[in-house]
Amino acid sequence: MSPKEINKRRIAIKVADAINSIEGVPVSDYAVELSNQWANGVITASQMKEMLLNVHRKA
């Protein structure tokens with residue numbers, strides 16, 4: 001993955017976190033960890049979503 005793509009993903013995370021903050025939605029440490037993995041190309045967006053859904057299904 002190119003540095004440009006990684007940078008775009010990091011910006012997307014910052015925007016999403018800012019929106020959630022405005023709405024008063026806390027972001028879990030696990031979600032932050034998954035977001036960072038996605039931004040760095042370690043996991044895909046689909047994998048990230050599935051992992052988050054699995055955590056919330058168990059709760």
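Please read these numbers as outputs of a predicted model, since none were measured by experiment.
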* Can you get from Trp38 to Ile6 by hopping between Ile, Leu, Val, Met, Phe, Trp and Tyr side chains that sit under 4.5 Å apart? -> no
In short, salt bridge (Lys or Arg N to Asp or Glu O under 4.0 Å) pairs touching residues 7-19 with sequence neighbours left out are Glu5-Arg9
Here the gap from Ser35 atom OG to Asn40 atom CG, rounded to the nearest 0.5 Å, amounts to 11.0 Å
Between side-chain atoms of residues 19-34 and protein atoms elsewhere (two or more places apart, or another chain), which donor-acceptor pairs fall under 3.5 Å?
from	atom 1	to	atom 2	distance (Å)
Asn20	ND2	Ala16	O	3.3
Ser28	OG	Ala31	N	3.0
Glu33	OE2	Gln37	NE2	3.4

Applying side-chain contact (heavy atoms from CB on, under 4.5 Å) to Thr44 and not counting sequence neighbours gives Ser46, Gln47
The reported gap from CZ in Arg57 to CG in Leu52 (rounded to nearest 0.5 angstrom) is 11.0 Å
Review point. Going hydrophobic residue to hydrophobic residue with side-chain gaps under 4.5 angstrom, can you get from Ile13 over to Ile11?
Key: no
